[in-house]
Student: 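The structure under discussion is supplied below as structure tokens; questions concerning it will follow.
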Amino acid sequence: MKRYNRYPILALALAGLLVACHSSQEDKDGYKTKLSFGPGEETKIAEAFLTLKDSSSIYLKEGTYKFDNLSIAQVKHIRIEGAGPDKTVLDFSSQSQGGEGIRVTDVNGFSIHGMTLKDSKGDLIKINKSREVVITYLHAIWSVSDSTSGGYAIYPVMCKNVLIENCYAQGASDAGIYVGQTDSAIVRKCKAYKNVAGCEIENTSNAQVYDNDFYGNTAGFLIFDLPDLSQRGGHVKAYNNHFHDNNERNFAKAGSFGSTWGVGNAAPGSGVVILSASDIELYNNRIINNNSSAISVVSGFFIDPNAGAKMNDHYDPIPKNIRIHDNEMQVGDSFPPAVYEHHTGKILVGLEQQLNAQDPARKNARLPFITYDGITSNVLTKGNAANPDSICIRQQQPNLFVNVHALQMGTKEWRPDTDVTPFLCK
């Protein structure tokens, strides 16, 4: 009898071992609930997103999934994972209404990786009011790059501690990768192509943008501070990036053009645009063949004469403490064709013409690499310092810099100048 009973005892021991192994795997991954789905289970997936509990992961197997939208809210420690961006595809092209493809709200500890999102009517993924956000190996794409595309492909906003890594964004009518009103963010090893802006850091503090490739957009990289938002940005570093061949037409939605604060103001052929942002360092980048302006530093007054009335603790229209050094810069022989149809682009064309008319010795040279509108805090303080806002430039290129003296544009006194001396790093 004793020998006969060994088998149930052995079975129980094995079962206990298997349970122990399963539990240790859960402990290792850190997720209490693990769900897995395949194509054809879209209804179950949508329900799972809505009913997720804390410490849950969802794995989406290889294949194409069709969704209206997906939503996750008010949970902790969530992972969404696919088999890889070339294998797991979430297609939102059949949405019955506008809005995001994936919306994530108030999640503490959210990661998504290993899939492609495509063709939503609104933003492809919006992550709002969340913390400890990790977005890796995510492709976010619109098949057609025009004003019918959503605004943002990858869009964390009002978040804290964000990492966007090894991602690809294409076709956004605003910014491919957009980080807004966020504290502490890293964007690295990403690519952005055929967007209005490849990447935009807006009203975001303590951000680092490095080892990225932004190309074939209207503008490569934007650092903006805008009025009437929840926080002021600053302390942004961008380095070791390749911003190149951003010369495409601006196809932003109509509301982004003109005297508004939208990305519609970005001229075709812009490499980097710094607007009203302060405490910025731009260095060791390759800024190549952005054939209107390699780098533009612009105040809020340049696009809105009433910017001063919007000043508060969260907004100052004057860019301050800008350090630009050790960047490689090249431009082509002529403006991109799209610039002649764009309101800001026409200003850049006129600026180049004015410089060459003033100084025949320039021999019809191209617009200098760095364009500074020259609107300083002197307009607010009535001062007369040459460089009151600590613009610091250390670059070796000839034809390096132009101070537009933008407040004089349209008058007989307008004479932009190329004297960089007051702005050289001390």
Student: Might you point out which heavy atoms bring His325 and Gln395 nearest each other, and give the distance in Å?
Tutor: C-OE1, 3.1 Å
Student: Other residues, nucleotides and ligands only: do more than 12 of their heavy atoms fall within 6.0 Å of NZ on Lys382?
Tutor: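 Not buried by this count: 12 neighbours or fewer within 6.0 Å.
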Student: Taking all non-hydrogen atoms of both residues, which atom of Lys66 and which atom of Ser93 are closest, and how far apart?
Tutor: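 For Lys66 versus Ser93, the nearest heavy atoms are NZ-OG, 4.3 Å.
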Student: Please identify which of these residues, Asn217, Thr218, Asn289, meets the side-chain hydrogen bond (donor to acceptor under 3.5 Å, both in side chains) condition with Asn246.
Tutor: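 Exactly one pass, corresponding to Asn217.
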Student: Carefully, step by step, assess Asp245 and Tyr215 under the rule side chain to side chain donor-acceptor pair (under 3.5 Å).
Tutor: CA-CA 5 Å; Asp245 300 289; Tyr215 61 101; over 6 Å; no
Student: Is there side-chain contact between Lys34 and Tyr59, with heavy atoms separated by less than 4.5 Å?
Tutor: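 Contact flag for Lys34/Tyr59 side chains = no.
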Student: Do you know which of Asp316, Asp304, Asp225 makes salt bridge (charged side-chain N to carboxylate O under 4.0 Å, His left out) with Lys310?
Tutor: Asp304
Student: Taking only residues two or more places apart in sequence, or in another chain, which ones meet Lys237 in a side chain to side chain donor-acceptor pair (under 3.5 Å)?
Tutor: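 Listed in chain order: nothing, the list is empty.
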Student: Report yes if the SG atoms of Cys425 and Cys392 are separated by under 2.5 Å, and no otherwise.
Tutor: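 In this structure, Cys425 and Cys392 share a disulfide.
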Student: Check the orientation of His242 and His244. Use parallel for under 30°, tilted for 30 to 60°, and perpendicular for over 60°.
Tutor: parallel
Student: Using atom types as modelled and distance alone, determine if a side-chain donor or acceptor of Asn285 lies under 3.5 Å from a backbone N or O of Ile287.
Tutor: no
Student: Could you check whether Arg131 and Asn108, counting side-chain N and O atoms only, form a donor-acceptor pair closer than 3.5 Å?
Tutor: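 On atom types as modelled, these side chains do not qualify, holding no pair under 3.5 Å.
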Student: Find the distance between CZ (Phe423) and CZ (Phe401) and round it off to the nearest 0.5 Å.
Tutor: 4.5 Å
Student: Say whether, by atom type as modelled, one donor and one acceptor occur between the side chain of Ser173 and the main chain of Ala252 under 3.5 angstrom.
Tutor: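 Between the backbone of Ala252 and the side chain of Ser173 there is no qualifying donor-acceptor contact (under 3.5 Å).
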Student: Can you see which heavy atom on Leu124 is nearest to which on Phe92, and at what distance?
Tutor: CD2-CD1, 4.5 Å
Student: Just wondering, do Phe224 and Glu200 contact through their side chains at under 4.5 Å, heavy atoms?
Tutor: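 Yes, side chains in contact.
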Student: Looking at every non-hydrogen atom in both residues, tell me the closest pair between Gly30 and Ser55 and how far apart they are.
Tutor: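 Reported closest heavy-atom pair: O-OG, 3.1 Å.
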Student: Hey, are the side chains of Ser205 and Arg232 touching, using non-hydrogen atoms and a 4.5 Å cut-off?
Tutor: no
Student: With heavy-atom distances below 4.5 Å as the criterion, would you say the side chains of Phe110 and Ile80 are in contact?
Tutor: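 They are in contact (side-chain heavy atoms under 4.5 Å apart), so the answer is yes.
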Student: How long is the straight-line distance from NZ of Lys126 back to CD of Glu100, given to the nearest 0.5 Å?
Tutor: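 These two atoms lie 5.5 Å from each other.
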Student: Is there a side-chain contact between Asn399 and Pro368 in this structure, where contact means two heavy atoms from C-beta onward sitting under 4.5 Å apart?
Tutor: yes
Student: So, the side chain of Gln231 versus the backbone of Thr182: is there a donor-acceptor pair under 3.5 Å, distance only?
Tutor: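 Side chain of Gln231 to backbone of Thr182: a pair is present.
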Student: Does the side chain of Tyr178 reach to within under 4.5 Å of the side chain of Glu202, using non-hydrogen atoms?
Tutor: yes
Student: Verify, without hydrogens or angle tests, whether Asn250 (side chain) and Ala266 (backbone) share a donor-acceptor contact under 3.5 angstrom.
Tutor: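 Between the backbone of Ala266 and the side chain of Asn250 there is a qualifying donor-acceptor contact (under 3.5 Å).
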Student: Which residue, Val402, Asn403, Val297, forms the side chain to side chain contact (heavy atoms under 4.5 Å, CB included) with Thr371?
Tutor: Val402
Student: ring-ring contact (aromatic ring centres under 6.0 Å, His included) between His139 and Tyr168: does it pass, once the steps are laid out?
Tutor: CA-CA 5 Å; His139 292 189; Tyr168 176 78; 5.6 Å; yes
Student: Any side-chain heavy atom of Ser292 within less than 4.5 Å of one from Thr344?
Tutor: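 No; the side chains remain at least 4.5 Å from each other.
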Student: Are Trp142 and Asn195 close enough, and set up right, to give a side chain to side chain contact (heavy atoms under 4.5 Å, CB included), and what steps lead you there?
Tutor: CA-CA 9 Å; Trp142 282 277; Asn195 309 280; 5.5 Å; no
Student: Work out which heavy atom in Glu248 is nearest to a heavy atom in Gly216; give both atom names and the distance.
Tutor: CG-O, 3.2 Å
Student: Run Ser36 and Lys61 through side chain to side chain contact (heavy atoms under 4.5 Å, CB included) and show every step you take.
Tutor: CA-CA 7 Å; Ser36 179; Lys61 300 172 185 176; 3.3 Å; yes
Student: Between the side chain of Asn290 and the main-chain N/O of Phe243, is any donor-acceptor distance below 3.5 Å?
Tutor: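 Looks like yes, one N/O pair under 3.5 Å.
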Student: Decide whether Tyr239 and Asn284 meet the rule of one side-chain donor and one side-chain acceptor closer than 3.5 Å.
Tutor: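 There is no such pair between these side chains.
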Student: Less than 4.5 Å apart, any side-chain heavy atom of Phe302 and any of Ile347?
Tutor: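 Sidechains of Ile347 and Phe302: in contact.
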Student: Using a cut-off of 6.0 Å, state whether more than 12 heavy atoms not belonging to Asn312 lie near its atom CG.
Tutor: yes
Student: For Asn327 and Leu282, indicate whether the former's side chain and the latter's backbone hold a donor-acceptor pair under 3.5 Å.
Tutor: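 Answer holds: yes.
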Student: Output yes when a side-chain donor or acceptor of Thr381 lies under 3.5 Å from a complementary backbone atom of Ser377, and no otherwise.
Tutor: yes
Student: For the atom pair CD1 (Ile78) and CD1 (Ile58), what is the distance rounded to the nearest 0.5 Å?
Tutor: 7.5 Å
Student: Give a yes or no on whether Tyr137 atom OH has more than 12 heavy-atom contacts from other residues, nucleotides or ligands under 6.0 Å away.
Tutor: no
Student: Any idea how Tyr31 and His77 line up, ring-wise: parallel (<30°), tilted (30 to 60°), or perpendicular (>60°)?
Tutor: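 The rings of Tyr31 and His77 lie parallel, inter-plane angle below 30°.
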Student: Counting distance only, does the side-chain N/O of Gln181 pair as donor-acceptor with the main-chain N or O of Ser230 below 3.5 Å?
Tutor: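 Yes: the side chain of Gln181 pairs with the backbone of Ser230.
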Student: Salt bridge check: are Asp183 and Lys160 linked by an N-O gap of less than 4.0 Å?
Tutor: yes
Student: Okay, side chain of Asn241, backbone of Phe214: is any donor-acceptor separation there less than 3.5 Å?
Tutor: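 Flag not set: sc Asn241 to bb Phe214 has no pair under 3.5 Å.
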Student: Once you round to the nearest 0.5 Å, how far does OG1 of Thr116 lie from CG of Leu90?
Tutor: 9.0 Å
Student: Would a distance-only check, ignoring hydrogens and angles, find a side-chain to backbone donor-acceptor pair under 3.5 Å from Ser299 to Ile318?
Tutor: no
Student: Quick one: pull up OG in Ser270 and CG in Asn291 and give me the separation to the nearest 0.5 Å.
Tutor: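 Nearest 0.5 Å value for the OG-CG distance: 10.5 Å.
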Student: Does the structure place the NZ or CZ of Arg366 under 6.0 Å from the centre of the six-membered ring of Phe335, at an angle of no more than 45° from the ring's axis?
Tutor: yes
Student: Heavy atoms only: give me the nearest Arg188-Glu165 pair and the separation to one decimal.
Tutor: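 Closest pair (atom of Arg188, atom of Glu165, distance): NE-OE2, 2.8 Å.
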Student: I need the Leu351 CG to Met409 CE distance, nearest 0.5 Å.
Tutor: 7.0 Å
Student: Judged by modelled atom types alone, do Asp91 and Thr64 share a side-chain donor-acceptor pair under 3.5 Å?
Tutor: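 On atom types as modelled, these side chains do not qualify, holding no pair under 3.5 Å.
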Student: Could you go step by step and tell me if Tyr193 and Asp213 meet the side chain to side chain contact (heavy atoms under 4.5 Å, CB included) rule?
Tutor: CA-CA 9 Å; Tyr193 173 62; Asp213 188 3; over 6 Å; no
Student: Does a donor on one side chain sit under 3.5 Å from an acceptor on the other, for Asn265 and His343?
Tutor: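 There is such a pair (donor and acceptor under 3.5 Å, judged by atom type) between the side chains of Asn265 and His343.
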Student: Please step through side chain to side chain contact (heavy atoms under 4.5 Å, CB included) for the pair Asp174 and Tyr155, ending with a clear verdict.
Tutor: CA-CA 11 Å; Asp174 197 299; Tyr155 180 18; over 6 Å; no
Student: For the CG atom on Asp419, are there more than 12 heavy atoms of other groups (residues, nucleotides or ligands in this structure) within a distance under 6.0 Å?
Tutor: yes
Student: Please determine whether the number of non-hydrogen atoms from other residues, nucleotides or ligands lying under 6.0 Å from atom CD of Glu341 exceeds 12.
Tutor: no
